[in-house]
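Remarks on the structure that follows.
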Amino acid sequence: MLKKAFFALVLLLLPVLPAQAAVQVERVTSPGGIEAWLVRDHTNPIIAVEFAFRGGAALDPEEKAGLANMVSGLLDEGAGDMDSLAFQRRLEDLAVRLGFSAGQDNFTGRLQTLTENRDAAFEMLRMALTAPRFDAEPVERIRNQILAGLRRELQDPNTVAFREWYRVVFPGHPYGRPVRGSPETVQAITADDLRQFVSRQFGRDNLVIGVVGDITPEDLGPLLDATFGDLPAEVRPALAPEVEPQLSGEVTVIQRNIPQSVAVFGEEGIDRQDPDFYTAYLLNYVMGGGSFSSRLMEEVRAKRGLAYSVYTYLQSMDRAAIMGGAVATANPRLAESIDLIRQEWQRMAEQGVSEEELENAKTYIKGSFPLQLDSTGSIASMLVSMQIDDLGIDYLEKRNEYFDAVTLDDMRRVAQRLYQPERLTVVVVGDPEGLSAAAQ
Amino acid sequence: MIPSLLARVVLLATLVVGLAGAARAQVFNPETFTLDNGMQVVVVPNHRMPVVSHMVWYRVGSADEEPGKTGLAHFLEHLMFKGTEEVPSGEFSRIVARHGGRDNAFTSYDYTGYFQNIAVEHLEMVMRMEADRMTNLRLDENEVLTERDVVLEERRSRTDNNPSALLSEQSNAALYLLHPYRNPIIGWERDIRGLSREDALAFYERWYAPNNAILVVAGDITAEQLRPLAERTYGRIPAGEVPERIRPSEPPHLTERHLVMHDERVQQPSWSRRYIAPSYNTEDSDLAYPLQVLAEVIGGGSTSRIYQSLVVQQGLAVSAGAWYNPTAVDTGSFGVFASPRPGIEMDQLEAAMDEELRRILVEGLPDGEIERAKTRLRAAVVYARDSLHTGARVLGEALATGQSVEDVEAWPERIAAVTDEQVIEAARRVLEPTRSVTSILLPARAQQAGETDEQG
C-alpha cells in the first residue's frame, strides 16, 4: 500500500545531520561578582533556575550518613519568619516550585517561577539557603518520612541490589553508603547538624548557577546578588577521600523469596575529564545504553525473552568512576542472563564495535541531544552539569565534534581498556537457580 | 511501558499542578483537523527546538479485551515492534535511533499509544513507518512466543516482585464487580501465558484503523505544514469498520470492602481506599471538575487538609494524600491514602482518616481553602505549556477517552467556575463507603502465641 520509494529514502537518509541545538549560552556576572550561565527564552512567561554546591553526601560524617539528604528535605520547610506551613503556603500562592536534592558529590537546588512573581520567588530561595529554620516539628516529620522511605526501599529488590553492589565495591568509603543513610544514622542527626551543614557547605566559592527563560542579563545580575550574595564567600568544602573500587568479579546473592531475580553488575568506568570519555560513552551506547538498539537488549530481551529491561550506564563521580548495569530475569533463567552479559563484555573487549555500530551510535547521540533540552528546567539542569563537569561554555556547540572525532581504533583501544569481564562484579537479589555454575 | 493507575494519577497531577495564570488563558493552543478517512489530527506548536513529539493514540485498551484474554492490548503493543514487510522485526526502533530519535509505546485501560521524539526533518519518515504498521503488521510465531516471555518478565518486575503493586491489583479487582477495569492492564499471568499470535492479529484487525486513531504532533511544526504529510501517510489508509466499545456496566455496589494483605516483604505498612467516582463521560460528569478541586483541597500536597491533620498535627502518618482520575471512558476513581508512623495501628489511622472525611461532609471546608486549591490548580497551565511532551500527552489522552480539544482548553475556566457548594456536594456523592475498597498492606502475620511451627 505504501510506496517503496519512501523506504529507500529512509536508508538514504541514514547519515543524518543532527538538529542543531538552537541554544545560546551567555555568561552573566552580577555586580557583586556572582556568575551564572543564562539561556534566554521568552516563549513562555516562566524562569527556571538550577544551581549546585560542590560537595554532597560523600562528606556526611559516617555516623550521620544521610545528613545532606535530610537538609535537602528541610530547606523548604520553614525559613526566616515563616514556619513550615507559612512557607509552603507562600510558595503555593506564588505558584513557585522549589526543591533540593543531594547527590554523593553535589547538593542541587531548583526554582521555577512565573515572570510576574520573579522577585518574590528569588526571595524565597534566598531565605531557604540563608535562613532555614529547622524547627522541631518539620525535622521530626521529614526524618520519619526518610525512615519510611528507607523501609520501603527494603521491599524493592532493585534498590536492595544497588545498595549492596556499592557497599561491596566501595567498602568503608562514602560511595559505599546510600545518600539517604541508614535508620541508625538518620536517627542520629540533630538540628545542629543540619545548621552546621548549611554553614559549612553553602558558599559562593563552590556554587554554580544555570538560568533559563524569560529574563534578561540586566535583570538577572542584581537578582543573583540579592539571592546568593549573603552566602559566605568561601567555605572550601573538602573532597571525599580517594578510593579504588574493589572489583572481585564475584557474584553475591542476597536470598529473597521472589519470583524474579534482580542482578546489578558493573566494574570500573571512566573519569569525566579523561580524553577517552566520549569514546567510552559511545561504547556504552552500543553495549547497553542505547535502549532498544543495544547489544544487551538484542541478546537478552529480543532474541531470548530473558528480561523486560536490561541496561548499562556510566557514572563518573569525583573520586571514582563506574560502568554498571542491571537486569531482572525469572529465577530459573537468571544465570543465563548473567552469562550472556559476561559474554558480551568479553566480545566488546576482544573485538570492539563495527563501523556501522559506531556510526549509528554517533548519529543517535548527536541527534537525540536536543530532545533532552525540551523544557526550561532541563536546559537549566544541563547548564549546571556543564559547569560542574568543567565542559566549557561552548560545550553545546562543541559536543558534536567531540563525538565525531572518535575513530574505530579509539573504540577498540578503549574497549580493551575498559571492558574486563573478570572484574565484572555482580549482586543478585532473589532466588536464582544454578547461578554458581553459570558465574564461574 | 504501562502507565499503571498510579502513573495515570501522576500524569493528571502534571496537568493539574501545571495549570496558573488567568482563567481566560488557553492551555495548549492546539490546531486540529480531520483527515478524509476520519483520523483526527492535533498539532501543538512549540518552536524552542527543531524537534517534534509524534504520537498515535488508538481508542482501544485493556478494558476492550475479551474475558480470558487479559493483557492482549498490551501484548499487541509489544508486538507492534515486530515488523512489517518493509520494516523488519526490531528495525522500527533502530531506524528511529539511527536518526537521533527515541521511541516507545504505552497501554492503558482505554487507549494504546505509540510515540517517537525526533528532529522535525525526520517527522515524515516516522509518520510513514507508523502508518505502515497501522495496517501491515506481520508476526512470526517464534517471535511472538519470545515476546510473551518478555511480557511475563515485565509482569514480574512491575507486579509480582512488588507487594504494593500486587495489593493494588487485588484492590481494583475488588472495586469493580464486573467492568474490565477490574483486570490489570498487563493481564493476569495465566491469561498472558495463553495469548497467541492469532489473538494479537485478531485484536489488531479489529481495532487498529485510522478512524479509531488520533495523531498528535507537538513541537516545531504548524498544522499547515503537517497536513500534507498526514494526507500522504495516514491519509492513504482507508477507514476500517471499528466496533463500538461495549463494556459491561457495574451492578449496584452494596458493600464496604476491606482487603488485608500480609506479605513477608513488607517493611513499611500502608493504608489506602479507592471509591468508584464519576468521570468526564459518566452521567454525573458534572462532578468531575469539583472532584479535582476536592482532591487538591484535601490531599494535594503538604498544605492540604489530610496531610496537615494526619501527618503534621496528629503525627499518625508519614505521608498522606488524595487523588482523583476523571479521564476514563467509563467510571473514574477517587482515592485517599496514608502510611502509618511506626507504632501507629491501622485502626487508629483509618479512624483518623474517616474523621477527616466526615468533618468535610458535616462541617464543609473553611473559607478560602477551596479558592486556594483552585488557584494552585490553575497555576500549573503555564508550566504545562513549557514541556514539549505534556501537551501531546494531555491532548492525546483526552481525545482517546471521549473529551474534545475544547474541553482541554476550557479546563482553567471550568476549574475557576467550581463553587464551594459543588465541592461539598461532590464529596457527599462520592465518599460513600459502599462504593469503596479499603486496602491494608502489612508485614507477615506474627505467629500467635501457643501456635506450633507446623501450624504456622
Side-chain angles (χ1 to χ4, degrees), chain A residues 1-2 6-7 9-10 13-14 16 18-22 41 43-46 85 88-89 92-93 95 112 114 137 141 144-145 148 151-152 154-157 257-260 290-293 301-309 328-330 360 363-364 366-368 370-371 373-376, chain B residues 20-21 47-51 86 90 93-95 97-102 117 119-122 125 128 131-132 135-136 146-150 152-154 156-157 160-163 236-237 264-268 302-303 308 311-312 318-319 339 341 372 375-376 379 382-383 385-389:
Chain A
M1 151 180 293
L2 289 162
F6 145 67
F7 291 99
L9 189 68
V10 171
L13 279 174
L14 283 184
V16 62
Q20 286 300 318
D41 176 353
T43 318
N44 289 308
I46 56 176
L85 183 58
Q88 286 289 328
R89 281 236 161 114
E92 286 178 359
D93 291 345
Q112 267 191 303
L114 308 178
E137 183 280 319
R141 173 162 48 88
N144 270 300
Q145 279 171 12
R151 288 191 293 273
R152 223 171 265 128
L154 294 177
Q155 293 167 206
D156 174 22
N257 185 20
I258 48 178
Q260 184 187 57
S291 187
F292 293 114
S293 303
R301 174 172 157 155
K303 279 193 190 162
R304 296 175 181 85
L306 284 167
Y308 171 63
S309 166
T329 301
N360 290 344
T363 50
Y364 176 80
K366 292 186 294 178
S368 65
L371 302 176
L373 308 177
D374 69 339
S375 66
T376 52
Chain B
H47 303 289
R48 177 185 291 125
M49 291 278 172
V51 298
E86 301 288 356
S93 298
R94 283 194 203 106
I95 293 171
R98 283 204 291 269
H99 292 78
R102 299 176 178 181
N117 301 329
V120 64
E121 70 214 71
H122 304 308
M125 179 194 76
R128 284 184 187 277
D132 175 42
T135 46
N136 297 325
T146 305
E147 196 61 26
R148 198 170 65 189
D149 286 341
V150 170
L152 286 164
E153 292 293 356
E154 182 179 0
R156 290 183 194 108
S157 290
D160 303 321
N161 258 13
N162 179 346
R236 293 189 181 182
I237 304 171
E264 63 177 14
R265 294 171 286 182
V266 172
Q267 306 283 329
Q268 170 62 46
S302 71
T303 64
Q308 280 293 318
V311 180
V312 179
V318 292
S319 58
S339 285
R341 279 199 189 187
R372 301 173 67 95
T375 307
R376 292 203 296 270
V382 183
Y383 292 126
R385 267 203 296 267
D386 182 43
S387 152
L388 180 63
H389 310 287

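Just so we're on the same page: letters track the sequence lines, and every chain starts at 1. Small disclaimer: the values here were computed from a predicted structure and weren't measured.
Contact check for B:Glu154 versus B:Val150: no side-chain heavy atoms found under the 4.5 Å cut-off. At least one side-chain heavy atom of B:Thr303 sits less than 4.5 Å from a side-chain heavy atom of A:Leu85. Inter-residue side-chain proximity for A:Gln260 and B:Ser157 is flagged as met; some heavy-atom pair is nearer than 4.5 Å. Here the side chains of A:Leu373 and B:Met49 are in contact, with some heavy-atom distance below 4.5 Å.
Contact annotation for A:Ala307: only backbone heavy atoms (N, CA, C, O) come within less than 4.5 Å of a heavy atom of chain B. In this structure, chain B has no heavy atom under 4.5 Å from any part of A:Asp156. Contacts between B:Arg94 and chain A at a heavy-atom distance below 4.5 Å involve backbone atoms as well as side-chain atoms. There is no contact between A:Thr43 and chain B, counting heavy-atom distances below 4.5 Å. Both the backbone and the side chain of B:Arg102 come within contact range of chain A, with heavy atoms under 4.5 Å apart. Looking at A:Asp93, only its side chain comes within 4.5 Å of chain B, counting heavy atoms on both sides. Both the backbone and the side chain of B:Asn161 come within less than 4.5 Å of a heavy atom in chain A. Only the side chain of A:Asp41 comes within contact range of chain B, with heavy atoms under 4.5 Å apart. If you measure heavy-atom distances from A:Ser291 to chain B, you find no contacts under 4.5 Å at all. The part of A:Arg304 that comes within reach of chain B is its backbone (N, CA, C, O), which places non-hydrogen atoms under 4.5 angstrom from that chain.
In terms of heavy-atom pairs under 4.5 Å with chain A, the best-connected choice from B:Arg265, B:Arg372, B:Glu147 is B:Arg372. The choice from A:Pro45, A:Pro259, A:Ala328 that makes the most heavy-atom pairs within less than 4.5 Å of chain B is A:Pro259. Among the candidates A:Glu137, A:Arg89, A:Lys303, the residue making the largest number of heavy-atom pairs closer than 4.5 Å to chain B is A:Arg89.
A salt bridge links B:Arg48 with B:Asp386; the closest basic N to acidic carboxylate O contact falls under 4.0 Å.
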Practice task
Run the numbers on B:Leu152 and A:Tyr308 for side chain to side chain contact (heavy atoms under 4.5 Å, CB included), then give the verdict.
Solution key: CA-CA 8 Å; B:Leu152 286 164; A:Tyr308 171 63; over 6 Å; no
Problem - Verdict with supporting geometry, B:Ile95 and B:Arg98, side chain to side chain contact (heavy atoms under 4.5 Å, CB included) - result: CA-CA 5 Å; B:Ile95 293 171; B:Arg98 283 204 291 269; 3.6 Å; yes
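Applying the side chain to side chain contact (heavy atoms under 4.5 Å, CB included) rule to B:Ser339 yields the partners A:Arg152, B:Gln268, B:Ser270, B:Val318, B:Ser319; only residues at least two apart in sequence or on another chain are considered. Looking at residues two or more places apart in sequence or on another chain, you find no salt bridge (charged side-chain N to carboxylate O under 4.0 Å, His left out) involving A:Arg151.
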